[in-house]
Amino acid sequence: MFGKNFFFEKEQQVYNKEARNYIDNPKKTLGLLNKAIRMANDRKEILGEAREKLQLFFDLIKAYSKGEYKDVSNGTIVTVIGAILYFVSPLDFVPDFIIGLGIIDDAAVIGYTLKKISKELEGFQRWKNLSENNKNPLDL
């Protein structure tokens with residue numbers, strides 16, 4: 001009853017409340033994404049595989065904010081923004097200033113979120129792949 005999924009769900013609920021403030025505010029969302037991207041780049045060695053998953057979250061939020069991709073539920077967008085908020089928060093369950101351990105809970109929350117929204121994320125990944133393959137090389 002009180003396993004790791006219970007912990008992740010409780011943490012996610014806390015950050016999802018804040019995430020709702022971002023969903024209709026593209027400027028605020030872009031600021032969050034820029035901060036998260038900088039952090040992910042600074043910690044790419046530590047994040048390992050979680051970095052690729054996090055990048056997919058960034059891409060989804062960017063495409064959604066720009067109105068390019070809307071085939072996703074508001075609940076999924078809130079969940080992804082909540083996971084990103086958790087990632088950028090310096091004072092989450094294991095504070096980020098604890099070298100070597102502070103990123104472990106962030107990676108776990110990213111993995112948990114990925115599992116939770118995998119169906120919609122797979123749809124986004126297909127859309128993204130099709131969009132990238134259909135780009136005109138002159139449209140840079």
Side-chain angles (χ1 to χ4, degrees):
M1 180 174 154
F2 290 104
K4 65 182 178 181
N5 286 347
F6 177 80
F7 162 76
F8 291 137
E9 195 61 39
K10 288 303 240 181
E11 284 296 299
Q12 200 160 52
Q13 286 174 9
V14 169
Y15 285 90
N16 285 1
K17 285 180 185 174
E18 186 177 346
R20 286 182 182 86
N21 297 321
Y22 286 79
I23 200 161
D24 291 322
N25 189 335
K27 187 175 179 179
K28 188 174 183 177
T29 302
L30 183 60
L32 172 66
L33 283 175
N34 287 335
K35 181 177 182 178
I37 289 167
R38 281 192 306 275
M39 287 180 72
N41 287 336
D42 289 346
R43 299 173 179 164
K44 61 183 159 191
E45 290 82 22
I46 298 169
L47 283 169
E49 285 182 31
R51 187 173 184 275
E52 290 176 32
K53 297 169 186 167
L54 194 55
Q55 184 61 52
L56 191 58
F57 290 172
F58 298 159
D59 293 344
L60 172 62
I61 297 303
K62 280 184 208 174
Y64 181 85
S65 293
K66 290 179 178 180
E68 297 171 347
Y69 185 77
K70 292 291 186 181
D71 192 20
V72 63
S73 69
N74 278 353
T76 291
I77 293 299
V78 167
T79 298
V80 171
I81 292 172
I84 293 170
L85 285 166
Y86 187 89
F87 174 71
V88 301
S89 174
L91 300 175
D92 46 34
F93 186 71
V94 179
D96 291 346
F97 62 81
I98 300 176
I99 311 260
L101 294 177
I103 202 74
I104 291 173
D105 64 318
D106 294 348
V109 166
I110 293 164
Y112 175 74
T113 303
L114 181 74
K115 262 183 166 175
K116 187 174 179 179
I117 62 165
S118 63
K119 287 258 190 231
E120 287 187 281
L121 210 51
E122 286 170 12
F124 171 70
Q125 183 68 63
R126 281 191 300 276
W127 173 86
K128 184 178 169 214
N129 291 343
L130 284 171
S131 295
E132 289 172 354
N133 290 335
N134 291 328
K135 280 188 180 174
N136 183 340
L138 300 175
D139 290 342
L140 300 175

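Remember, it's a predicted structure, so these values are computed and weren't measured experimentally. Basis for what follows: all heavy atoms, side chains included, without hydrogens, waters or symmetry-related copies. The first residue in the sequence is number 1, and the count goes up from there.
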Q. Below 4.5 Å, heavy atoms only, C-beta onward: do Leu60 and Trp127 meet side chain to side chain?
A. no
Q: Could you name each residue pair satisfying side chain to side chain donor-acceptor pair (under 3.5 Å) that touches residues 21-42, not counting sequence neighbours?
A: Asn41-Arg51
Q | Spatial distance of atom CG (Leu85) from atom CG (Leu32) [nearest 0.5 Å] | A | 5.0 Å
Q.
On a heavy-atom basis, which atom in Phe87 and which in Ala36 lie closest, and how many Å separate them?
A. CE2-O, 3.5 Å
Q) Looking only at heavy atoms, which two atoms of Glu120 and Val72 are closest? And how far apart? A) OE2-CA, 3.2 Å
Q: Check the surroundings of atom CD in Gln55: do more than 12 heavy atoms from other residues, nucleotides or ligands lie under 6.0 Å from it?
A: yes
Q: Taking all non-hydrogen atoms of both residues into account, name the closest pair between Phe57 and Thr113 and its distance.
A: CZ-CG2, 3.8 Å
**Q.** Non-hydrogen atoms of Met39 and Val88 that approach each other most closely
**A.** SD-CA, 3.6 Å
Q.
As an exercise, state the distance from CD1 of Ile77 to CD1 of Ile23, rounded to the nearest 0.5 Å.
A. 6.5 Å
Q | Candidate pair Leu121 and Thr76, rule side chain to side chain contact (heavy atoms under 4.5 Å, CB included), full reasoning | A | CA-CA 9 Å; Leu121 210 51; Thr76 291; over 6 Å; no
(Q) Quick check: closest heavy atoms across Gly82 and Ala19, and the distance to 0.1 Å? (A) N-CB, 3.6 Å
Q) Should Ile84 and Phe58 be marked as a side chain to side chain contact (heavy atoms under 4.5 Å, CB included) after you check the CA-CA gap, both sets of side-chain angles, and the distance that decides it? A) CA-CA 8 Å; Ile84 293 170; Phe58 298 159; 3.9 Å; yes
Q | Contact summary for Thr79 and Asn16, nearest pair of heavy atoms | A | CA-OD1, 3.7 Å
Q | Nearest-0.5 Å distance that lies between atom CG in Asp59 and atom CD in Glu132 | A | 7.5 Å
(Q) Using 30° and 60° as the class boundaries, would you call the ring planes of Phe124 and Tyr69 parallel, tilted or perpendicular? (A) perpendicular
Q | Linked, directly or transitively: Leu30 and Val80 (ILVMFWY side chains, under 4.5 Å) | A | no
**Q.** Approximate separation, where rounding is to 0.5 Å, of Glu52 CD and Leu56 CG
**A.** 10.0 Å
